Amino acid sequence: MTNTTKTQPGGDVRLAGISKTYGSFTAVHPLDLTIPQGSFFALLGASGCGKTTTLRMIAGLEEPSGGTVHLGDQDVTALPPYKRPVNTVFQSYALFPHLDIFENVAFGLRRRGIKSVKKQVEEMLDLVQLGEQARKKPHQLSGGQQQRVAVARALINHPKVLLLDEPLGALDLKLRRQMQLELKRIQTEVGITFVHVTHDQEEAMTMADRVAVMNAGRVEQLGAPADLYENPQTTFVANFLGTSNLIQAEVDSRSGDDVVVRAAGDKLLLPASRCAVPAQAGGKVLVGVRPEKVGLTHADEAGSIPEGRNRITGRIGNSSFIGVSTQYVVDCAACPDFEVYAQNIDRDARLVPGADVVLHWNPAHTFGLDAAQDIDAGVAEGEAA
Ligand SMILES: Nc1ncnc2c1ncn2[C@@H]1O[C@H](COP(=O)(O)OP(=O)(O)OP(=O)(O)O)[C@@H](O)[C@H]1O
Ligand SMILES: [Mg+2]
């Protein structure tokens with residue numbers, strides 16, 4: 001997405017050095033962020049990391065301690081919420097209980113004194129697939145239907161940006177999954193910018209084109225979901241987004257495009273281009289690999305593992321069969337709880353707790369992180385989410 005020019009309507013949301021402090025506590029550190037026009041953008045992070053505060057500063061509901069908010073060319077920092085071309089949908093979507101669905105959606109138009117609302121309201125109800133429910137009261141709808149009414153009620157004002165703060169938080173898991181797809185469809189159809197706050201990494205990855213991973217009032221990393229997953233730059237992102245096996249290693253030497261590292265006597269290859277820090281011989285680095293990238297072979301069959309793969313030895317500590325895959329926890333000298341997710345294709349019956357195994361993977365799937373960080377950053381938060 002290119003930067004906006006004066007001729008374009010709407011435009012990107014640009015936060016420049018925006019921050020929020022409460023007394024001596026900093027909820028949001030000075031933050032620069034551009035949210036491209038028309039994108040589905042997610043702010044993802046654990047509870048208390050500053051997501052809602054950031055969203056409320058975009059909406060004008062919270063006054064920033066510093067910095068500016070631009071919408072396209074317009075500096076909206078000093079504008080009150082109702083003068084910004086922005087609408088918010090909250091977790092508690094607070095529909096008007098005494099009004100029917102039609103009138104709930106019509107509310108924004110009526111407030112602006114618009115008399116003939118029928119066509120627009122019907123279009124909106126069709127968009128969220130509630131045309132049949134127009135004359136029901138909110139309490140006669142399911143949670144997911146009520147959520148869609150809240151979205152329709154916000155969209156009827158034709159905001160340039162729709163802000164959504166944990167809009168699916170009150171729904172059960174199955175309904176959440178449905179609504180994630182539904183919101184994504186609506187966003188694609190209307191084409192306006194959605195900024196979606198969530199602490200659920202799967203939700204952010206399913207819905208968003210771009211995700212900003214927040215931690216303690218800062219954006220740790222920003223990118224497309226697959227890019228964040230495959231190329232985490234910090235231990236927090238590696239652990240918060242899915243699961244990573246992180247191994248403490250020492251840089252040995254350089255071999256072509258790869259860095260050779262040593263971990264508990266094993267020699268591993270790491271593409272230099274996938275190392276987030278410069279790798280100097282003798283220096284420390286954290287070597288990471290995702291659980292689904294790793295093969296698990298019984299030690300007796302080690303000879304069958306193709307040449308050129310990274311390999312470490314260990315003993316299976318735990319295995320859980322979950323249908324499509326089996327998840328193993330393997331105790332290795334280099335990494336005490338190495339996780340491996342193996343698809344259930346041909347299961348080797350010998351792969352049970354206590355078995356000696358070799359773990360092996362394509363070196364291209366290895367990433368390298370700064371060893372000065374907390375190796376467990378984001379682990380608990382990721383699980384809680
Ligand atoms: N009015 C306030 N006064 C003091 N501290 C506040 C205030 N509002 C928020 N905070 C603090 O700022 C931090 C960020 O809050 P925020 O609501 O943005 O978190 P969040 O990422 O949305 O979390 P959650 O996922 O739980 O909603 C928290 O530590 C919170 O306690
Ligand atoms: Mg919040």
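Numbering of ligands and ligand atoms starts at 1, following listing order. The shown structure was predicted, so the numbers you read here are calculated from the model rather than taken from an experiment.
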**Message:** Give me the residue, atom name and distance of the protein heavy atom closest to atom 18 (O) of ligand 1.
**Reply:** Thr53 OG1, 2.5 Å
**Prompt:** Can the ring centroids of Phe96 and Phe107 be said to lie less than 6.0 angstrom from one another?
**Reply:** yes
**Item:** Atoms in ligand 1 with a heavy atom of Cys49 nearer than 4.0 Å
**Value:** 19 (O), 21 (O)
**Asked** How long is the gap from CG on Asn245 to CG on Leu286, to the nearest 0.5 Å?
**Response** 12.0 Å
**Prompt:** N/O of Thr54 under 3.5 Å from N/O of ligand 1, yes or no?
**Reply:** no
**Prompt:** Numbering the atoms of ligand 1 from 1, which are under 4.0 Å from a heavy atom of Phe25?
**Reply:** 11 (C), 12 (O), 13 (C), 29 (O)
**Asked** What do you reckon, is CD of Gln248 surrounded by more than 12 foreign heavy atoms closer than 6.0 Å?
**Response** no
**Asked** Got an N/O contact under 3.5 Å between Ser47 and ligand 1?
**Response** yes
**Asked** Just which atoms of ligand 1 are under 4.0 Å from any heavy atom in Thr52?
**Response** 17 (O), 18 (O), 20 (P), 22 (O), 27 (O)
**Request:** Flag yes if more than 12 heavy atoms outside Asp257 fall under 6.0 Å of its CG atom; otherwise flag no.
**Result:** no
**Request:** May I ask you to check if Arg135 and Phe102 form a cation-pi contact, with NZ or CZ under 6.0 angstrom from the six-membered ring centre and within 45° of the axis?
**Result:** yes
**Prompt:** Which heavy atom of Met179 sits nearest a heavy atom of Leu168, and at what distance?
**Reply:** CB-CD2, 3.7 Å
**Message:** With respect to the Mg ion (ligand 2), please indicate if Thr52 possesses an N, O or S atom at a distance under 2.8 Å.
**Reply:** yes
**Request:** Considering the heavy atoms of Ala27, write down every atom of ligand 1 situated less than 4.0 Å from one of them.
**Result:** 12 (O), 13 (C)
**Request:** Following the transitive rule for hydrophobic clusters with a side-chain heavy-atom cut-off under 4.5 Å over Ile, Leu, Val, Met, Phe, Trp and Tyr, establish whether Ile312 and Val358 coincide in one cluster.
**Result:** no
**Request:** Verify the neighbour count for atom CZ of Phe321: are there more than 12 heavy atoms of other residues, nucleotides or ligands below 6.0 Å?
**Result:** yes
**Message:** Tell me the protein heavy atom at minimum distance from atom 9 (C) of ligand 1, and give that distance in Å.
**Reply:** Tyr22 CE1, 3.6 Å
**Message:** Could you check whether atom 31 (O) of ligand 1 has a protein contact, counting only heavy atoms that fall below 4.0 angstrom?
**Reply:** no
**Complete:** Honestly, for Lys51 the part within reach of ligand 1 (heavy atoms, under 4.0 Å) is both
**Request:** Using a strict cut-off of less than 4.0 Å between a Lys/Arg side-chain nitrogen and an Asp/Glu carboxylate oxygen, indicate whether Lys284 and Glu250 qualify as a salt bridge.
**Result:** yes
**Item:** Within-cutoff protein neighbour (heavy atom, under 4.0 Å) for atom 4 (C) of ligand 1
**Value:** yes
**Item:** Heavy-atom nearest option to atom 13 (C) of ligand 1, drawn from Gly45, Gly48, Gly23
**Value:** Gly48
